[in-house]
Amino acid sequence: EVALQPAPGLTWRTIGGVLDFYIFLGPDPNTVIQQYQQVIGFPAMPPIWALGFHLCRWGYGSSNGTWQTVRAMRNYQIPQDGQWNDIDYMDGYRDFTLDSQKFASLPSLVEDLHKHGQHYVMILDPGISSTSPNGSYWPFDEGLRRGLFLNTTQGQPLIGQVWPGFTAFADFSNPDTHQWWLENLQHFHAHVPFDGLWIDMNEPSNFMDGSEDGCPPGELDNPPYTPAVLGDSLSAKTVCASAKQKISVHYNLHNLYGLMEAKATASALIRIRGKRPFLISRSTFPSQGRYSGHWLGDNRSQWKDMAYSIPGLLSFSLFGIPLVGADICGFSGSTSEELCTRWMQLGAFYPFSRNHNTQNEKAQDPTAFSPAARTAMKDVLLTRYSLLPFLYTLFHRAHLQGDTVARPLFFEFPRDEATWELDRQFLWGQSLLVTPVLEPGVDSVTGYIPQGTWYDFYTGSSVNSSGEMLKMSAPLEHLNLHIREGSILPTQKPGTTTEATRGNPLRLIVALSSHATAWGDLFWDDGESPDTFEKGNYSYVVFNVTQNIFTSTVLHASTEATKVTIGTLSIFGVQKPPSKVLLNGQEKPFSYLDNQVLNVSDLGMSLSQGFSLQWL
């Protein structure tokens, strides 16, 4: 039980265990989190499609209902990479089964998604139905035969209750369970070739307290001091602390349950698909980022829930789990068009971007709204997709050295006290500032602009700030984005999937500092093979501007980079109109705008070749 004191101080009460203290000295916030991740492990590199837009709901009702939404999204050319299903695809809510009536066409839907460069993800729970007739449900029969479930103190499978009714709980502390989990997934994948997995209810969650028989007397279930937990009992809405697992009692393993399941699931995905695994887990523990991402759990369709998602996002960045997001537009309750439009704008900048809805609520995918709202949602998703090269490079840096992706402002401006409490704005990496609208009925937003020059992402117009709150125009179709001086952002002409986007030409956005310098980088690989960096199958390019010369330097090259070209250079903050522009010494046509933006297009330079561009 942890309590914050106003001192500032921390009171930590525990009733036992071995306490190992690590102190990370920084000295700055970024370094503290990097040092922390050196201990717990750096996050995995996600496949590029994981960074696209995902759509889900509980209650599509059928595979045809799900398919209808996918088709509507394509019809309006709204970007989408992942289509998901919640528990309604299952037969009686049992893992590794398919409702053969309502979801009969699911294999065809998945085939259609793959044909369109899209991906399929479905939900799985760790509670395995225990009530099917003997011999009719392999996952339970085989798990029982191999002894892979949590047991009571009496040595019998502990039976609780989850969606399918009475269930046993898989013991992921047992390596044999990982093999059984893999076999179950292989059987299902042969029928429905899913691409990613969503593991839920893995605290583990139980609709009963403890088990169908409660919990036995004893210190594990009734410790001398009970921390301030739900229901004032360790077994409230979960399993008995005394339950036996392969390597210890559940008391010692409870917080590790979701982590152990994620480890088993990630390894199964690699075995089945031979590609980087993509999974999202509800329960997490330090080092989770090595195996999975996280969504912030069931929220509500309310303005305050949207605002609360930002501190949630930033907290998980600190935990070494950069692939994180909340249910866009809210899970339970009924959203409004205005709330959903604003939430789609914010959610387009969640590192993990998924719109998810509960059953019996009206649809809240982008196609469900008026043309104006739909267009606003489509536009902000296209903006996200245009920034994929930048976002993907941030994930590479997270994987390599523990940098954060979604980042609090105080990480970059630790000496500016005004940034310490900001939780209604955030950065992507060092250089892209996101200022969302978080309240209804407004057409402007007030945000903090740290000291220096910032450029409007869309127009390149500059804002010089002394470190102040600034009121910005924010009509319903607009999300405020600003680029920090001295940075170079690799962007790309967006398509409606990450696959379609990847072949398009790059546009490099240069935001000159007050000294007319800038720096940026780009990590590029095939987007899905495991360990591309470790095996050297990647390209890494560094961009630099000094004394009116832009240079692109290829530090590491792979064949992937030959397939993509740099089409356009947009340079923000060029103080006076150039008389000419030279690409590798050859004159190039250019345009120069009154707001000090220099554009040079039709460059046609392969990413795999270094070049320089000078303006005089």
Side-chain angles (χ1 to χ4, degrees), residues 303-304 306-311 313-314 328 336-350 353 372-373 375-384 386-387 390-391 406-413 416-487 489 491 509-514 570-573 593-597:
W303 291 89
K304 68 177 173 64
M306 172 166 63
Y308 272 130
S309 73
I310 299 176
L313 201 68
L314 298 176
I328 297 170
S336 69
E337 180 160 293
E338 184 190 7
L339 173 61
C340 199
T341 304
R342 293 303 196 189
W343 209 328
M344 281 290 294
Q345 288 168 342
L346 167 59
F349 285 84
Y350 291 159
S353 182
T375 303
M377 293 177 187
K378 174 181 172 175
D379 287 349
V380 78
L381 287 176
L382 287 168
T383 301
R384 177 193 179 86
S386 75
L387 282 158
F390 175 59
L391 180 61
R407 189 173 301 180
L409 275 81
F410 77 85
F411 266 51
E412 288 299 314
F413 305 95
D416 179 354
E417 286 192 31
T419 65
W420 293 359
E421 290 187 347
L422 295 177
D423 60 3
R424 295 169 72 84
Q425 294 168 277
F426 58 96
L427 295 156
W428 265 12
Q430 294 183 307
S431 47
L432 186 67
L433 176 62
V434 184
T435 308
V437 170
L438 301 172
E439 49 203 30
V442 297
D443 58 5
S444 68
V445 62
T446 302
Y448 185 74
I449 308 290
Q451 186 175 359
T453 303
W454 295 78
Y455 297 91
D456 182 296
F457 171 80
Y458 309 97
T459 65
S461 296
S462 63
V463 179
N464 291 306
S465 172
S466 58
E468 58 204 298
M469 297 299 288
L470 199 71
K471 186 176 176 182
M472 304 170 237
S473 171
L476 191 58
E477 70 282 357
H478 186 72
L479 170 70
N480 278 278
L481 295 173
H482 289 88
I483 306 176
R484 185 179 177 182
E485 62 171 301
S487 52
L489 265 53
T491 71
I509 302 177
V510 178
L512 292 178
S513 72
S514 51
S570 296
I571 304 164
F572 297 171
L593 305 173
D594 291 347
N595 63 344
Q596 303 188 329
V597 173

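- Residues passing the side-chain hydrogen bond (donor to acceptor under 3.5 Å, both in side chains) test with Gln430: none are found, sequence neighbours excluded.
- Within the 4.5 Å cutoff, no side-chain heavy atoms of Leu427 are placed close to those of Val434.
- For Thr435, the side-chain hydrogen bond (donor to acceptor under 3.5 Å, both in side chains) partners at least two apart in sequence or on another chain are Gln425.
- Side-chain contact between Leu346 and Ile328 is absent, with no heavy-atom pair separated by less than 4.5 Å.
- The side chain to side chain donor-acceptor pair (under 3.5 Å) pairs that include a residue from residues 469-484 are Glu412-Arg484, where partners are two or more places apart or lie in different chains.
- Not a single side-chain hydrogen bond (donor to acceptor under 3.5 Å, both in side chains) links Thr491 to another residue, sequence neighbours left out.
- Atom CD of Glu439 is separated from atom CD of Glu338 by 10.0 Å, given to the nearest 0.5 angstrom.
- Contact annotation: the side chain of Ser462 never approaches that of Asn595 to less than 4.5 Å [non-hydrogen atoms, C-beta and beyond].
- With sequence neighbours excluded, the residues that form a side-chain hydrogen bond (donor to acceptor under 3.5 Å, both in side chains) with Tyr350 are Ser309, Trp343.
- Separation of atoms OH (Tyr455) and CG (Leu432) is listed at 15.0 Å; rounding is to 0.5 Å.
- Using a 4.5 Å heavy-atom cutoff, the side chains of Ser465 and Leu470 are not in contact.
- Remark: Trp428 engages Phe349 in a ring pair (Phe, Tyr, Trp, His ring centres under 6.0 Å) (not counting sequence neighbours).
- With contacts defined as side-chain heavy-atom distances shorter than 4.5 Å, the pair Leu479/Thr383 does not qualify.
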